[in-house]
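To start, the structure under review is shown below, and the notes come after it.
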Amino acid sequence: MSEMREKIMGTLSTIALPDGGDLASRDMVRALSVDGGAVSFVIEAPTPEQAAGMETQRRAAEAAVAALDGVERVSVILTAHGPAKPAPQAPNLKIGGHPKPQAGPLPVPGVASVIAIASGKGGVGKSTLSSNLAVALARQGRKVGLLDADILGPSQPRMMGTSQRPSSPDGEQLVPVEAHGVKMMSIGLMLKSDREAVVWRGPMLMGALQQMMFQVDWAPLDVLIIDLPPGTGDVQLTLAQKSQITGAIIVSTPQDVALLDARKAIDMFDKVKVPILGLVENMSTYVCPNCGHEAHLFGHGGVRDEAAELGAPFLGEIPLSLEVRLAGDSGSPAALGDGPVADAYAALARDLVARGIA
């Protein structure tokens with residue numbers, strides 16, 4: 001163990017826990033990283049219930065480590081080791097299968113606004129934007145839901161830090177789980193593990209999507225955020241044809257190859273008469289934690305230029321940061337914390353609220 005890591009662990013041994021012991025002696029410190037003057041680590045509580053009461057200790061740990069000589073920046077994420085106690089699942093409610101005939105587009109009961117997050121391309125950060133925007137809106141007092149519509153590749157259970165199975169007391173309606181103040185539904189919560197593949201054809205996908213939209217007790221919500229899969233296929237078309245969508249937010253990285261697919265997504269929404277609420281440039285700027293130098297690894301400004309060309313609102317830039325990756329992997333979205341990334345998501349949320357969209 002390096003000298004700096006020893007200093008940090010020694011400092012964390014002074015942070016007392018409500019039920020006895022300290023962060024170091026209780027072995028709650030995970031993923032400790034020291035990169036020059038940048039320090040990051042995860043505080044992993046034994047249960048979600050304990051984690052919910054440890055924000056004071058997280059802030060104390062962050063302040064104590066930040067006070068050490070040679071430390072310039074600290075990122076501390078609070079998460080939990082085990083899932084919350086699962087709610088009972090009604091055995092006679094089956095997800096998937098051929099969709100029942102349904103007129104459309106219909107409003108989602110009890111939901112004031114429905115926002116789709118799309119790109120047309122994988123790997124540009126739709127799921128990250130969806131989870132963090134949902135949390136940022138919830139922090140501003142909005143009643144928020146998050147629907148993981150990427151049925152073949154669900155990632156929201158991991159990113160939101162929950163594996164609790166939704167309950168269905170009557171065998172007809174699902175009760176969504178809650179994480180970080182957000183109601184959430186994902187096919188990933190129905191699987192035996194996050195390594196289990198969903199091997200379904202189109203009709204089963206559409207059936208599952210319709211159930212998670214209309215057979216979930218979402219109400220009351222100010223806004224439902226929908227994390228769409230990549231592309232312009234069945235899920236996107238079903239969503240537009242069967243439900244009333246307030247509009248879509250297009251997320252892209254700045255480089256030309258990502259913008260090509262973003263344009264296809266915009267064209268698709270135009271064809272199905274779904275308004276474009278705006279464009280977001282993700283992974284926009286990387287700031288070196290050691291020297292503060294800014295680098296544009298994927299280019300810069302391409303999404304802003306595209307928005308200007310389309311006459312669509314440019315909603316902002318989200319920086320590229322190790323903090324975002326650590327937060328997503330640990331199930332505690334970066335929007336819960338402080339700093340440039342959380343500020344960027346908060347600004348996006350404020351803009352949507354101010355415009356009456358969320």
Side-chain angles (χ1 to χ4, degrees), residues 1-17 21-45 51 54-81 125 128-129 131-132 135-136 139 158-159 161 180 253-254 280-301 316-348:
M1 182 179 289
S2 69
E3 182 179 352
M4 177 56 78
R5 290 172 68 89
E6 289 179 353
K7 287 183 179 179
I8 292 169
M9 292 305 297
T11 299
L12 295 178
S13 69
T14 67
I15 308 299
L17 298 173
D22 57 77
L23 291 175
S25 67
R26 293 279 296 276
D27 193 27
M28 290 189 183
V29 181
R30 299 284 186 271
L32 174 58
S33 172
V34 181
D35 186 4
V39 176
S40 64
F41 57 91
V42 174
I43 298 174
E44 187 178 77
M54 288 181 57
E55 178 60 20
T56 299
Q57 284 71 31
R58 188 198 71 81
R59 291 182 180 274
E62 187 174 61
V65 173
L68 293 174
D69 289 340
V71 175
E72 300 170 1
R73 184 181 175 208
V74 182
S75 174
V76 184
I77 295 169
L78 177 60
T79 186
H81 174 69
T128 299
L129 182 76
S131 58
N132 280 280
V135 167
R139 293 188 79 184
R158 170 64 64 90
M159 301 188 83
H180 311 300
T253 49
V280 175
E281 183 168 289
N282 198 27
M283 308 181 201
S284 181
T285 302
Y286 174 72
V287 180
C288 176
N290 296 324
C291 65
H293 172 70
E294 292 190 7
H296 304 294
L297 304 182
F298 299 103
H300 185 252
E317 301 175 354
I318 308 296
L320 176 65
S321 171
L322 174 63
E323 174 189 356
V324 176
R325 195 271 295 169
L326 289 172
D329 285 348
S330 69
S332 184
L336 290 168
D338 301 302
V341 174
D343 291 345
Y345 286 118
L348 174 56

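Counting begins at 1 with the first residue of the sequence.
Residue pairs meeting the side chain to side chain donor-acceptor pair (under 3.5 Å) criterion with at least one member in residues 56-68, sequence neighbours excluded: Glu55-Arg58, Glu55-Arg59.
Met159 has its side chain out of reach of Asn132: every pair of non-hydrogen atoms, C-beta onward, lies at least 4.5 Å apart. Side-chain contact check for Met9 versus Leu32: some heavy-atom pair is nearer than 4.5 Å. Taking 4.5 Å as the limit, every side-chain heavy atom of Ile318 sits out of range of all side-chain heavy atoms of Thr128.
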Open item on the list: Apply side-chain contact (heavy atoms from CB on, under 4.5 Å) to residues Lys7 and Val71 and explain how you reach the verdict.
Closed with: CA-CA 11 Å; Lys7 287 183 179 179; Val71 175; over 6 Å; no

- [ ] Would you please test Leu68 and Thr11 for side-chain contact (heavy atoms from CB on, under 4.5 Å) and show each step?
- [x] CA-CA 9 Å; Leu68 293 174; Thr11 299; 3.5 Å; yes

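Asp27 pairs by the salt bridge (Lys or Arg N to Asp or Glu O under 4.0 Å) definition with Arg30, not counting sequence neighbours. For Asp338, the side chain to side chain donor-acceptor pair (under 3.5 Å) test picks out no residue, with sequence neighbours left out. Shown here are the side chain to side chain donor-acceptor pair (under 3.5 Å) partners of Arg139, two or more places apart in sequence or in another chain: there are none. Residues satisfying the side chain to side chain donor-acceptor pair (under 3.5 Å) test with Ser25, not counting sequence neighbours, are Asp22.
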Validation: residues 328-335 side-chain donor-acceptor distances under 3.5 Å, sequence neighbours left out:
unit_1 : atom_1 : unit_2 : atom_2 : d
Asp329 : OD2    : Arg325 : NH1    : 3.3
Ser330 : OG     : Leu326 : O      : 3.1
Ser330 : OG     : Ala327 : O      : 3.1
Ser332 : OG     : Leu78  : O      : 3.2

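Minimum interatomic distance between Leu23 and Val29 (heavy atoms only, all atoms of both residues): O-CG2, 3.9 Å. Residues Gly125 and Asn282 come closest through the heavy atom pair CA-ND2, 3.5 Å.
In this structure, CD1 on Ile8 lies 7.5 Å from CZ on Phe41, to the nearest 0.5 angstrom.
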